[in-house]
**Student:** 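My questions all concern the structure below.
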Amino acid sequence: MAGEVATLVADATPYVTAAVGAYGGAVLAKVRDDAADATVGVGRRLLQRVFGYRTEDEPLPVPLAALAADPGDADALGMVRWGMRQALEADAAMLEEVKSMLASAQGVIVKQNVRAGRDAYVAGRDMTVNRPSE
């Protein structure tokens, strides 16, 4: 089960980072935002399910607070992924709900812009990397 959960968390990562990047410290608030795109919405629902809801004035769990402070911090993202993995391994019902959320998001396009020095790219599962002409 640990391998399955790790894969599931890896699949959720683009959604989670999009949501934290869009909402920052308010990512767990119950505020409805019809303007949020599908990727951000999926990520936010995933985080709310795993870490719970918070009001905007309540502090975020430490891993999410670190990621919200610096969405580009790979170590903070690693802490969030680890926290998600621990929660999903401990709660089979939550695991099934997150699986369902990700399965329903299959048609959602996740777009990430990566800038690198020269020919350096970061890619994950089912990603297409287009190199712009210079």
Side-chain angles (χ1 to χ4, degrees):
M1 179 164 107
E4 175 188 15
V5 172
T7 300
L8 190 68
V9 170
D11 291 346
T13 299
Y15 300 102
V16 167
T17 56
V20 171
Y23 288 102
V27 73
L28 297 181
K30 282 190 174 183
V31 178
R32 181 179 167 99
D33 185 358
D34 294 327
D37 70 19
T39 300
V40 171
V42 170
R44 188 172 198 197
R45 285 190 301 278
L46 287 168
L47 288 170
Q48 288 171 334
R49 179 59 185 104
V50 172
F51 292 103
Y53 294 98
R54 304 283 195 285
T55 62
E56 289 188 50
D57 58 335
E58 285 182 280
L60 291 174
V62 173
L64 275 179
L67 188 59
D70 184 0
D73 185 344
D75 291 334
L77 177 58
M79 289 191 323
V80 169
R81 289 172 50 129
W82 184 83
M84 290 177 67
R85 206 170 125 197
Q86 295 300 307
L88 294 173
E89 287 175 350
D91 187 335
M94 181 190 304
L95 176 62
E96 291 305 314
E97 287 178 48
V98 169
K99 280 183 190 177
S100 177
M101 287 178 185
L102 288 173
S104 67
Q106 284 297 334
V108 175
I109 296 173
V110 177
K111 181 179 179 183
Q112 292 182 322
N113 293 317
V114 177
R115 295 185 188 260
R118 284 196 15 105
D119 297 326
Y121 299 97
V122 177
R125 183 175 166 255
D126 299 332
M127 294 178 128
T128 302
V129 176
N130 295 318
R131 182 176 179 191
S133 57
E134 296 181 26

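The structure displayed is predicted, hence computed values, not measured ones.
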**Student:** Specify the closest pair of heavy atoms between G43 and A19, including all atoms of both residues, with the distance to one decimal.
**Tutor:**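 G43 and A19 have their closest heavy atoms at C-CB, 3.6 Å.
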
**Student:** Nearest 0.5 Å, please: how far is CG in L67 from CG in D75?
**Tutor:**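 These two atoms lie 11.0 Å from each other.
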
**Student:** Can you hop from M79 to L60 via hydrophobic side chains spaced under 4.5 Å?
**Tutor:**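 M79 and L60: separate clusters.
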
**Student:** May I ask you to say whether K99 pairs ionically with E4, meaning some side-chain N is under 4.0 Å from a carboxylate O?
**Tutor:**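 Result for this pair is yes, salt bridge flagged.
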
**Student:** Do side-chain atoms of R45 reach the backbone of G41 as a donor and acceptor pair under 3.5 angstrom?
**Tutor:**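 Yes; at least one donor-acceptor contact below 3.5 Å.
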
**Student:** Heavy atoms only: give me the nearest L46-A12 pair and the separation to one decimal.
**Tutor:**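 Closest approach of L46 to A12, heavy atoms only: CD1-CB, 3.8 Å.
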
**Student:** Quick one: pull up CG in D91 and CG in L95 and give me the separation to the nearest 0.5 Å.
**Tutor:**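 Going from CG on D91 over to CG on L95, the span is 8.5 Å.
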
**Student:** Kindly indicate, with the supporting measurements, whether the criterion side chain to side chain contact (heavy atoms under 4.5 Å, CB included) is fulfilled by V40 and Y15.
**Tutor:** CA-CA 6 Å; V40 171; Y15 300 102; over 6 Å; no

**Student:** Given side chains that start at C-beta, do those of T17 and V80 come closer than 4.5 Å, heavy atoms only?
**Tutor:**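 Result no, sub-4.5 Å side-chain heavy-atom pair not found.
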
**Student:** I need the single residue from V98, T13, V9 that forms a side-chain contact (heavy atoms from CB on, under 4.5 Å) with M84. Which is it?
**Tutor:**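 Between M84 and the candidates, side-chain contact (heavy atoms from CB on, under 4.5 Å) is satisfied uniquely by V9.
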
**Student:** So M94 and V50, side chain to side chain contact (heavy atoms under 4.5 Å, CB included) or not? Walk me through it.
**Tutor:** CA-CA 7 Å; M94 181 190 304; V50 172; 4.0 Å; yes

**Student:** Minimum heavy-atom separation for P61 and F51, please, with both atom names.
**Tutor:**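 Result for this residue pair: CG-CD2, 3.9 Å.
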
**Student:** Indicate yes or no for a side-chain donor-acceptor contact from E96 to the backbone of A93 under 3.5 Å, with no hydrogens or angles considered.
**Tutor:**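 Absent.
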
**Student:** Shortest non-hydrogen contact from P71 to A69?
**Tutor:**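 Heavy atoms only, the tightest pair is CD-C, 4.0 Å.
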
